[in-house]
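In what follows, a structure is listed as structure tokens, so that the remarks can point back to it.
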Amino acid sequence: MFDLMILFAVFVASIIAFCCFHKKAKWQSTVPGLKPSDPKEGNLADIAKAGSLHEFLLETHKKFGPIVSFWIRETMAISISTPELFSEHGTYFDRPPQMYKSFLPLIGAKSIVYTNGTEGRQRRKLYDSCYSHQEVNSLYPLFNEIVGELIEKWSAKVDGQHIPALSAMTALTLKSITRGSFGDYFKDEEQITAFTECFDTSWAKMEHTLSSVPPVPGSAEEKHFKSALGKLKSMVAEIVEYRRNNPATDGRRLLIDVILESDDDDQITSDSMTFFTGGFHTTASMMTWALFFLAENTDVQEKLFKELARTLDKNEDMTPDLIEEMPYLRQVIDETLRLAVISPTAARYKPDTDIMLGGYIVPQGTPVLHSFGVCFRDEKLYPQPQIFDPERFSKERVKARPTHAFEPFGFAGKRKCPGFRFTQSESYIYIARIIRYFEIKLVPDQVITPVYGMITRPNNEIWITIAERNE
């Protein structure tokens with residue numbers, strides 16, 4: 001009897017020990033990486049020292065390998081950087097809310113960015129229908145009209161006049177997202193300038209809080225931020241209200257029409273702000289970088305022009321069929337997305353269970369970053385990665401790389417950027433029409449470097465000059 005009691009006690013102790021060990025393992029990962037440099041702020045100081053999260057991840061992956069751990073305040077995060085690990089983590093739909101917390105003041109708590117699970121999937125399916133292949137193709141006449149207005153404006157400028165590329169591309173993409181997804185609202189350049197200024201102020205401050213403390217309550221900095229954010233929200237609210245009061249008369253069902261079907265005003269506001277700001281910012285930056293790289297690499301610009309001249313008349317509208325005849329144009333856009341690292345990271349997580357990733361236990365609720373920017377700098381995948389070389393995206397070279405080696409719009413859990421077709425189409429049309437009509441050159445003596453955030457932008461306005469091409 002005593003022996004049985006001892007055996008039972010050993011058994012119970014073993015169970016307790018196992019449970020304690022499992023509980024400890026649940027909260028501690030064996031993934032190689034950094035310990036928090038501060039118990040409250042985690043590795044935020046290290047991120048700030050590196051210059052940005054992207055640059056921090058480049059350093060950390062170089063030191064520890066393709067899967068690494070670090071701390072964002074008191075939350076451990078994992079980062080992965082290879083196509084194989086992306087594939088392994090590719091089924092997860094849910095986004096970790098804490099990774100996007102800084103943008104809560106802009107997009108609101110009911111934004112689809114923070115909506116996971118069944119509701120998130122249902123809303124994505126609903127909104128994705130507005131950006132189907134067929135729907136985006138129907139926008140080609142609009143995109144051609146918008147870029148035609150820009151070409152006419154630029155044609156009136158004197159030779160050698162300096163043109164601000166970032167401002168021009170921002171205005172172009174603001175018109176695109178407004179008229180293509182929210183209705184006809186922006187009527188003049190003053191509206192666009194006012195919106196852009198408020199957005200830039202708000203966005204810069206929210207990105208800054210990713211690696212530093214928020215502005216002091218009541219400070220001049222906070223008041224400036226709140227003022228800009230308030231004006232921005234008011235403008236988007238006006239855009240929504242304008243469409244509510246001026247529904248389509250041509251049978252077109254835009255994204256805003258679908259958003260307005262909700263009976264939740266907070267959701268309408270949040271999703272309108274999310275899609276509106278997300279719909280122009282990324283594309284404006286990408287097209288600005290495309291113009292910069294083309295102006296900097298005259299041989300690439302000339303090769304692109306020759307392809308365009310063979311397939312597109314100078315004043316001809318672009319069509320989906322014509323784009324299929326322009327493989328080098330697509331290569332230029334893809335190489336721009338890669339080299340500029342327009343969107344350096346995405347993030348997913350499993351909120352309720354531990355998972356295995358790369359041979360390691362990742363505790364439930366742990367944010368997992370897909371570090372696309374690190375992957376795009378991998379010399380094994382992209383030799384001499386700092387060089388602008390559209391030939392990387394020839395059919396042969398693309399086939400030679402593994403699946404998920406190039407995912408500029410994300411992919412996991414079928415939660416790819418919902419407007420990726422919209423962005424691709426407008427960028428193909430705008431870059432093709434501009435380069436077909438003009439030769440682009442950089443104004444000399446500019447020092448342009450990337451500023452890596454949620455979106456990568458140039459540190460300064462990029463100034464270009466244009467010259468109309470001869471037939």
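All heavy atoms count here, side chains included; hydrogens, waters and symmetry mates do not.
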Heavy-atom closest pair (L57 atom, S371 atom, distance to 0.1 Å) is CD1-OG, 3.3 Å
On a heavy-atom basis, the closest approach of G117 and D94 is N-OD1, 2.9 Å
Residues 141-152 side chain polar contacts: donor-acceptor under 3.5 Å, at least two apart:
unit_1: N144; atom_1: OD1; unit_2: M318; atom_2: N; d: 2.8
unit_1: N144; atom_1: OD1; unit_2: R433; atom_2: NH1; d: 2.9
unit_1: N144; atom_1: ND2; unit_2: Y140; atom_2: O; d: 2.9
unit_1: N144; atom_1: ND2; unit_2: M318; atom_2: O; d: 2.9
unit_1: E145; atom_1: OE2; unit_2: R179; atom_2: NH2; d: 2.9

Is E261 salt-bridged to R253, going by a charged N under 4.0 Å from an acidic O?
-> yes
Interatomic spacing from CG in L255 to CG in D271 - rounded to 0.5 Å | 8.5 Å
Check whether any side-chain N or O of S52 sits under 3.5 Å from a backbone N or O of A48 as a donor-acceptor pair, and report yes or no.
-> no
Side-chain contact test, heavy atoms from C-beta onward, threshold under 4.5 Å: evaluate it for L166 versus P458 and give yes or no.
-> yes
Compare all side-chain heavy atoms of Y430 with those of I435 and state whether any distance is below 4.5 angstrom.
-> no
cation_pi(K314, Y437) dist<6.0 Å, angle<=45 | yes
Whether R421 side chain and Y131 backbone form a donor-acceptor pair below 3.5 Å | yes
Using the six-membered ring of F305, assess whether NZ or CZ of R469 lies under 6.0 Å from its centre and within 45 degrees of the ring axis.
-> yes
Exam field: side chain T173 to backbone T170, donor-acceptor pair closer than 3.5 Å | yes
Do E88 side-chain atoms and L85 backbone N/O form a donor-acceptor pair below 3.5 Å?
-> no
Member of S427, P408, P390 meeting the side chain to side chain contact (heavy atoms under 4.5 Å, CB included) criterion with I333 | S427
State the CZ-OG distance between F275 and S270, to the nearest 0.5 angstrom.
-> 12.0 Å
Could you walk me through whether R392 and R401 pass the side chain to side chain contact (heavy atoms under 4.5 Å, CB included) check?
-> CA-CA 10 Å; R392 300 180 198 278; R401 287 192 288 268; 4.3 Å; yes
Regarding R338 and the six-membered ring of Y382, is the cationic atom NZ or CZ under 6.0 Å from the ring centre and inside 45° of its axis?
-> yes
Where do Y127 and I112 land on the side chain to side chain contact (heavy atoms under 4.5 Å, CB included) test, with the steps shown first?
-> CA-CA 10 Å; Y127 296 155; I112 192 169; 3.8 Å; yes
Apply side-chain hydrogen bond (donor to acceptor under 3.5 Å, both in side chains) to Q267 and list each qualifying residue two or more places apart in sequence or on a separate chain.
-> none
Quick one: do the H370 and T345 side chains pair a donor with an acceptor below 3.5 Å?
-> no
Could you give the distance from CD (E296) to CD1 (I462), rounded to the nearest 0.5 Å?
-> 9.0 Å
Return yes if some donor-acceptor pair links the side-chain N/O of Y114 with the main-chain N/O of Y100 below 3.5 Å, else return no.
-> yes
Quick one: does E119's side chain have a donor or acceptor within less than 3.5 Å of a partner on N116's backbone?
-> no
List the atom of I455, the atom of S285, and the distance in Å for their closest heavy-atom pair.
-> CG2-CB, 4.0 Å
Take V236 and F195 through the test side chain to side chain contact (heavy atoms under 4.5 Å, CB included) and record every step on the way to the result.
-> CA-CA 9 Å; V236 173; F195 183 91; 3.9 Å; yes
Nearest 0.5 Å, what's the CG-CH2 distance between L232 and W203?
-> 11.0 Å
Note: D257-R243 ion pair, threshold 4.0 Å (strictly below) | yes
Determine whether F376 and P385 make a side-chain contact, defined as any pair of heavy atoms from C-beta on separated by less than 4.5 Å.
-> no
Heavy-atom distance under 4.5 Å between the side chains of D378 and S81, does that happen here?
-> no
Show your reasoning for whether ring-ring contact (aromatic ring centres under 6.0 Å, His included) applies to F182 and F276.
-> CA-CA 8 Å; F182 285 83; F276 191 84; 5.2 Å; yes
Would you say the side-chain atoms of Q98 and T75 include a donor-acceptor pair closer than 3.5 Å?
-> no
Given side chains that start at C-beta, do those of I464 and L442 come closer than 4.5 Å, heavy atoms only?
-> yes
Assess the side chains of E84 and S87: does a donor N or O sit below 3.5 Å from an acceptor N or O?
-> no
Which of these passes side chain to side chain contact (heavy atoms under 4.5 Å, CB included) with F372: F406, F86, F409?
-> F86
State plainly whether the residues E324 and R330 are in salt-bridge range, i.e. N to O under 4.0 Å.
-> yes
Backbone N or O of D389 within a donor-acceptor pair of the E335 side chain at under 3.5 Å?
-> yes
Distance-only polar pair, side chains of E221 and H224, donor-acceptor under 3.5 Å = no
In short, V136 meets S425 closest at the heavy-atom pair CG1-OG, 3.2 Å
With rounding to the nearest 0.5 Å, note down the distance linking CZ in F420 to OG1 in T283.
-> 13.0 Å
Would you give the length of the straight line joining atom NZ of K157 to atom CZ of F438, rounded to the nearest 0.5 angstrom?
-> 10.0 Å
Do the non-hydrogen side-chain atoms of L329 and I431 ever get within less than 4.5 Å of each other?
-> yes
Sub-6.0 Å ring centroid separation between F280 and F199 = yes
Does a sphere of radius 6.0 Å around NZ in K441 hold more than 12 heavy atoms from other residues, nucleotides or ligands, not counting ones at 6.0 Å or beyond?
-> no
For R252 and L139, the nearest pair of non-hydrogen atoms, with its separation, is NH2-CD2, 3.2 Å
Is it true that the side chains of S167 and E461 contain a donor and an acceptor less than 3.5 Å apart?
-> yes
With a cut-off of under 6.0 Å to the ring centre and 45° to the axis, is R121 in cation-pi contact with F93?
-> yes
Check M273 against T277 and note the closest heavy-atom contact, atom names and distance.
-> O-OG1, 2.7 Å
Are the side chain of Q301 and the backbone of I440 linked by a donor-acceptor contact shorter than 3.5 Å?
-> yes
Do D264 and K110 meet the salt-bridge criterion of a basic N to acidic O distance under 4.0 Å?
-> yes
With side chains defined as the heavy atoms from C-beta onward, is the minimum distance between Q386 and R377 less than 4.5 Å?
-> yes
Taking NZ, NE, NH1 and NH2 as the nitrogens, is one of them in K303 or E391 under 4.0 Å from a carboxylate oxygen of the other?
-> yes
Does any non-hydrogen side-chain atom of I434 lie less than 4.5 Å from one of M287?
-> no
Test log, rule side chain to side chain contact (heavy atoms under 4.5 Å, CB included), inputs L294 and V332 | CA-CA 9 Å; L294 288 168; V332 166; 4.0 Å; yes
Expected output: side-chain T115 to main-chain S111 donor-acceptor under 3.5 Å | yes
Counting distance only, does the side-chain N/O of W289 pair as donor-acceptor with the main-chain N or O of T456 below 3.5 Å?
-> yes
